[in-house]
Protein chains: 2
Amino acid sequence: METVLVIEDDSTMLRGLKDNFEYAGYHVITAVDGEAGLNAALDTKADLIILDIMLPKINGYEICRLIRKEKLDMPIIMLTAKGEESDIVLGLNLGADDYVTKPFSIKELLARVVAFLRRRKQGEKDTYEFADFVFDISARRLLKKGEEIKLSPKEFNLLEFFLKKQGKALTRDEILNVVWGYNTFSGHRSVDRFVTTLRNKIEPEPHNPAFIHTLREVGYKFDPML
Amino acid sequence: METVLVIEDDSTMLRGLKDNFEYAGYHVITAVDGEAGLNAALDTKADLIILDIMLPKINGYEICRLIRKEKLDMPIIMLTAKGEESDIVLGLNLGADDYVTKPFSIKELLARVVAFLRRRKQGEKDTYEFADFVFDISARRLLKKGEEIKLSPKEFNLLEFFLKKQGKALTRDEILNVVWGYNTFSGHRSVDRFVTTLRNKIEPEPHNPAFIHTLREVGYKFDPML
DNA sequence: ACCAAATGTTACCGATTTGTTACCGTTTCA
DNA sequence: TGAAACGGTAACAAATCGGTAACATTTGGT
């Protein structure tokens, strides 16, 4: 059974999280302050950590940093107070994998945890790096030098597909089938249009692409020269 | 039943691969270091090899090279740690057929294996090598000593056809039918024109061709003296 | 229902690719 | 030896393809 460590000082919240995760079939360990949380993280082998930022004794950022310093690579999902963009970036830089802003729905948090552990178990990546970009699937976010670049859903899915198929030629049909779905009625040129918008967002020189290369008569190929 | 040889030192990964491939209906042989792997590759007649690069005793590149040196042509899929383009190029130059970067999804790897064995059964390869060229169909590119040579769509398709029919005399009609399509209106001389441009891109001495030979009154023949 | 964002489609433009022709040298064979 | 056949290839014309702006439509949130 997979183990989730929840570090949270608000006892009502903690109880809610514990109940829900146990109901969903996880083994839950809890800690109510930073010190206990850090010890639990280092001692037990949790598969995933849910970490509040505001904590007595040692704050969440510090815990995050210390865990990573010990070369432990379990996923960490941070709980942050509402929309402080800078806090989020700080947390991610310290090694967190994802964040959820309070107030949040338990259902959403649970969904992220499940998705995370599934990918982890199947050895799928949840982040891809190229040039100075970090593409984070679970957080559905693209960062360039730590700064977020907003992508529409299609743009995100398209880039995700490109990253998963790095170095391979992809036909417009393959792209349509995967990104748009097998029963789409969209035409081939829709792919081109989204490639253009993606290029405008990620290519330093959209006219001389470094990442998304055109293959005439075929389609496209994502190939960041590393 | 088809046999897959998995050479991988991480026992967890090895177990995962073995289970999945057996579940998918393959006979699986395993080896946990380079020496054992090489022996298994040379002794048993595996239909396909999955080869980790980082291995104790003999590394994956070396195994790849030694297998090819013995003129064994089973497909080799390399597992590379990171998307190091140079590693990948090195591997492909040493005779690997495809690569998957860790971490990868078992599903994806399985899909590639299935695709490979299907093509192999039909006698098709995914990459072709001649002199210091590597022609990679799925990445749709031609490398000369690791450097890309740009080909137009027709040039690419023509070279692909030549490579698939290595050593066979091809009439202009056959070439037109396959590369241009059965309902083309193009004339015979178009073939000549593209042969010329191809020669200019790949032949060291276009006037004294080493690869694409003219067969007077017949057509052409691709024949790299190996 | 309204507005804003996202998505899909179309049309035009420019760059590349492709097909054809013409001219030339080479080979073949009488 | 000379004419005919053939392939090599430069040069030009035509077709094709992808980039993208602009517009239309759909979707989602409030």
Side-chain angles (χ1 to χ4, degrees), chain A residues 83 105 108 140 142 148-162 169-181 183-222, chain B residues 140 142 149-162 169-173 175-181 183-203 205-222:
Chain A
S105 81
E108 185 195 341
R140 279 192 88 76
L142 175 67
E148 175 156 11
I149 294 179
K150 296 233 172 223
L151 297 179
S152 79
K154 273 271 141 57
E155 287 162 5
F156 188 90
N157 293 340
L158 179 59
L159 183 53
E160 179 179 347
F161 185 50
F162 274 138
L170 304 172
T171 65
R172 291 186 176 71
D173 276 332
E174 289 178 86
I175 295 170
L176 276 172
N177 283 337
V178 175
V179 179
W180 271 256
N183 39 20
T184 184
F185 290 107
S186 298
H188 283 171
R189 303 308 303 279
S190 293
V191 176
D192 301 1
R193 188 189 160 317
F194 277 88
V195 165
T196 299
T197 69
L198 244 191
R199 278 180 176 154
N200 285 328
K201 293 191 179 186
I202 69 175
E203 295 278 4
E205 298 174 69
H207 290 279
N208 183 22
F211 310 126
I212 305 174
H213 304 279
T214 302
L215 303 176
R216 203 171 214 261
E217 289 219 306
V218 177
Y220 298 94
K221 178 171 69 166
F222 187 90
Chain B
R140 218 178 158 78
L142 174 68
I149 294 179
K150 296 222 174 235
L151 297 179
S152 81
K154 274 269 142 56
E155 288 161 6
F156 188 92
N157 294 339
L158 179 59
L159 182 53
E160 180 179 347
F161 185 52
F162 274 138
L170 302 171
T171 66
R172 289 185 177 72
D173 275 333
I175 295 170
L176 275 172
N177 282 337
V178 175
V179 179
W180 272 256
N183 39 20
T184 184
F185 290 108
S186 298
H188 283 169
R189 303 309 304 282
S190 293
V191 177
D192 302 1
R193 186 194 166 310
F194 278 90
V195 166
T196 298
T197 69
L198 243 192
R199 279 179 175 154
N200 284 328
K201 292 193 180 185
I202 69 175
E203 296 278 4
E205 299 175 68
H207 291 279
N208 182 21
F211 310 126
I212 305 173
H213 305 281
T214 303
L215 303 176
R216 201 163 214 268
E217 306 233 26
V218 180
Y220 298 94
K221 178 173 70 165
F222 187 90

Specify the separation, in whole Å, of atom [atom1] of [X] and atom [atom2] of [N].
X: B:Asn208; N: D:dG7; atom1: CG; atom2: C1'; result: 16 Å
X: A:Leu158; N: C:dT7; atom1: CG; atom2: P; result: 11 Å
X: B:Leu151; N: C:dT16; atom1: CG; atom2: P; result: 16 Å
X: A:Leu198; N: C:dT7; atom1: CG; atom2: C1'; result: 14 Å
X: A:His207; N: D:dG18; atom1: NE2; atom2: C1'; result: 12 Å
X: B:Asp192; N: D:dG8; atom1: CG; atom2: P; result: 6 Å
X: A:Arg193; N: D:dG19; atom1: CZ; atom2: C1'; result: 12 Å
X: A:Leu215; N: D:dG18; atom1: CG; atom2: P; result: 10 Å

Hey, does [X] reach any base, or is it just sugar-phosphate, or nothing, if we go heavy atoms under 4.0 Å?
X: B:Phe156; result: nothing
X: B:Ser152; result: sugar-phosphate
X: A:Pro153; result: sugar-phosphate

Looking at the side chain of [X], which of [options] is the nearest nucleotide?
X: B:Ser190; options: D:dG19, C:dG8, C:dT20; result: C:dT20
X: B:Phe194; options: D:dC6, D:dG8, C:dT18; result: C:dT18
X: B:Thr214; options: C:dT20, C:dG8, D:dG7; result: D:dG7

For the residue pair A:Arg199 and A:Ile212, what are the closest heavy atoms and their distance?
-> NH2-O, 2.8 Å
Which pair of heavy atoms, one from A:Arg189 and one from A:Asp192, lies closest together, and at what distance?
-> NE-OD2, 2.9 Å
Using only side-chain N and O atoms of [X], determine if any of them is under 4.0 Å from OP1 or OP2 of [N].
X: A:Arg172; N: D:dG18; result: yes
X: A:Trp180; N: C:dG8; result: yes
X: A:Tyr220; N: D:dG19; result: yes

What residues form a side-chain hydrogen bond (donor to acceptor under 3.5 Å, both in side chains) with B:Glu203, not counting sequence neighbours?
-> none
Angle by which the axis turns from one end of the helix from C:dA1-D:dT30 to C:dA30-D:dT1 to the other, five pairs per end, to 10 degrees = 40°
Do the side-chain N and O atoms of B:Arg193 and B:Ser186 include a donor-acceptor pair separated by under 3.5 angstrom?
-> no
Name the one of B:Leu198, B:Ile202, B:Leu159 that satisfies side-chain contact (heavy atoms from CB on, under 4.5 Å) with B:Phe211?
-> B:Ile202
On the ring face of B:Phe156, is B:Arg140 found with NZ or CZ under 6.0 Å from the centre and within 45° of the axis?
-> yes
Which of parallel (below 30°), tilted (30 to 60°) and perpendicular (above 60°) describes B:Phe162 and B:Phe222?
-> parallel
